[in-house]
Amino acid sequence: MDAEKVLSTDDITIRFGGLTAVSKLSLDIYPGEIIGLIGPNGAGKTTCFNIITGVYAPTEGKVYFKGKDITGMRSDLITKEGIARTFQNIRLFQSMTVLENVLISKHVRLKANPLEAILRMPRYTRARRRHYEECMELLRQVGLEDVAHEMATSLPYGKQRRLEIARALATQPTLLLLDEPAAGMNPQESLELMKFIEQIRHRFELTILMIEHHMEVVMGICERITVLDYGVTIAQGTPTEIQNNQQVIEAYLGAVETNA
Ligand SMILES: Nc1ncnc2c1ncn2[C@@H]1O[C@H](COP(=O)(O)OP(=O)(O)O)[C@@H](O)[C@H]1O
Ligand SMILES: [Mg+2]
């Protein structure tokens, strides 16, 4: 295994009963890249994220993260290894504040032993304090500081999306998986999101794998793109190569045009 790769999926396949949702997908992602995963609805994109994050074990194939085999590893352990994700449908704790949402997520990284916690020993108190400050700093970095104490539900849609990303960042990932981050956004909001994703890539030294339907976002920030159709990889290449690929135009871009 090449340790230089951040993520590598080696011919992963998953079957649900008679349906092959993902078939022999091989992805290689290098440090600092933004990679796009596109394809029509039902193509198997979210399922790929579920395999990478340990929600499902693949029927065949292997997933390597920084050279380590993580195939079938528990989701929480994969988070600790350094992979974080957002969901196609926003999943926030609605009855909590913005800050609380990030605090809970960051808990994965809180180093305290249970006895210290129960006895509220100084080291634990200091760790809690630092934990809180780091979360506030994170909110500052993603531009949500001013709404830190508001309920997550009260945020406009675009900010809820941003909070979801902040929550993922709180676990200190190396690899960030974004599942349709621009879903439901207008062109202006999509453009802002694009800039935001670029910013966090640099600021947090991230590698990003992104599922997205908004072509202006995908073509605008992804260095390389993989196209799935019915679980099968029909193309891999640069945005220009993908835009000019006849099979992609027919399977995907064509379908989008007729739907529009
Ligand atoms: N847990 C599951 N059980 C059975 N079928 C599933 C399951 N998860 C996903 N699928 C099926 O796999 C296919 C790919 O789904 P998905 O990965 O969500 O597509 P996409 O994200 O590309 O729209 C769909 O046909 C979906 O119904
Ligand atoms: Mg999906």
Side-chain angles (χ1 to χ4, degrees), residues 7-27 29 34-63 70-76 78 83-92 157 160-161 164-165 167-168 173 175-185 189-190 193-194 197 208-219 221-222 224-237 239 242-243 245 247-260:
L7 185 83
S8 173
T9 69
D10 183 11
D11 269 354
I12 50 172
T13 295
I14 189 165
R15 293 188 200 94
F16 297 113
L19 174 84
T20 305
V22 177
S23 178
K24 292 183 172 294
L25 174 71
S26 287
L27 276 177
I29 309 183
I34 300 186
I35 300 296
L37 188 58
I38 68 172
N41 283 329
K45 306 178 299 294
T46 298
T47 303
C48 291
F49 276 19
N50 286 334
I51 294 171
I52 295 166
T53 56
V55 176
Y56 302 135
T59 315
E60 287 157 27
K62 296 273 182 198
V63 183
I70 59 159
T71 319
M73 197 189 263
R74 251 172 41 205
S75 284
D76 57 324
I78 290 180
I83 302 181
R85 78 180 289 185
T86 63
F87 293 89
Q88 194 168 342
N89 304 308
I90 297 181
R91 291 191 190 177
L92 293 169
Y157 183 75
Q160 291 201 18
R161 282 267 169 212
E164 230 210 344
I165 296 175
R167 261 175 28 125
L175 176 67
L176 179 62
L177 310 180
L178 301 172
D179 196 345
E180 300 195 26
M185 288 189 177
E189 289 168 327
S190 302
L193 180 80
M194 253 168 79
I197 293 172
I208 296 174
L209 176 61
M210 181 170 73
I211 297 171
E212 189 45 68
H213 283 300
H214 286 59
M215 283 304 128
E216 69 282 13
V217 175
V218 176
M219 298 301 167
I221 60 172
C222 294
R224 292 186 294 124
I225 297 165
T226 290
V227 190
L228 296 184
D229 193 20
Y230 295 106
V232 176
T233 305
I234 58 166
Q236 289 187 305
I242 297 301
Q243 273 168 314
N245 181 302
Q247 213 179 340
V248 175
I249 294 167
E250 279 164 25
Y252 186 66
L253 301 175
V256 168
E257 260 161 41
T258 38
N259 285 349

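Counting convention: from 1, in listed order, for ligands and their atoms alike. Computed from heavy atoms alone, side chains included, the values below leave out hydrogens, waters and symmetry copies.
The distance from ligand 1 to the heavy atoms of Ala43 drops below 4.0 Å at these ligand atoms: 19 (O), 20 (P), 22 (O). Close approach of ligand 1 to Asn41 (heavy-atom distance below 4.0 Å) involves ligand atoms 23 (O).
Here Asn41 does not reach the Mg ion (ligand 2): none of its N/O/S atoms is less than 2.8 Å from the metal. Within the coordination shell of the Mg ion (ligand 2), defined by N, O or S atoms under 2.8 Å, Gln88 is present.
More than 12 heavy-atom neighbours from other residues, nucleotides or ligands sit within 6.0 angstrom of CZ on Phe87.
Remark: the backbone N or O of Leu37 is not paired with any side-chain donor or acceptor of Thr226 at under 3.5 angstrom.
The two residues Gln88 and Glu180 make their nearest non-hydrogen contact at NE2-OE2, 3.2 Å. Considering all non-hydrogen atoms of both residues, Val232 and Ser23 come closest at CG2-CB, 4.4 Å.
Contact annotation: the side chain of Leu92 approaches that of Glu164 to within less than 4.5 Å [non-hydrogen atoms, C-beta and beyond].
Nearest to atom 16 (P) of ligand 1 among the protein's heavy atoms is Thr47 OG1, 3.6 Å. Distance from atom 25 (O) of ligand 1 to its nearest protein heavy atom, with residue and atom name: Leu19 CD2, 3.6 Å.
For atom 24 (C) of ligand 1, the choice among Gly42, Ala21, Gly44, Gly39 with the nearest heavy atom turns out to be Gly42. When the heavy-atom distances from atom 21 (O) of ligand 1 to Thr46, Leu228, Ile14, Val55 are ranked, the shortest goes to Thr46. Between Tyr230, Phe16, Phe49, Tyr56, it is Phe16 that holds the heavy atom closest to atom 4 (C) of ligand 1.
When distances from atom 27 (O) of ligand 1 to the protein are checked, no heavy atom turns up under 4.0 Å.
In the model, Ser26 has a side-chain atom that pairs as donor or acceptor with a side-chain atom of Asp11 under 3.5 Å.
Distance CZ/Arg85 to CG/Leu178: 10.5 Å, rounded to 0.5 Å.
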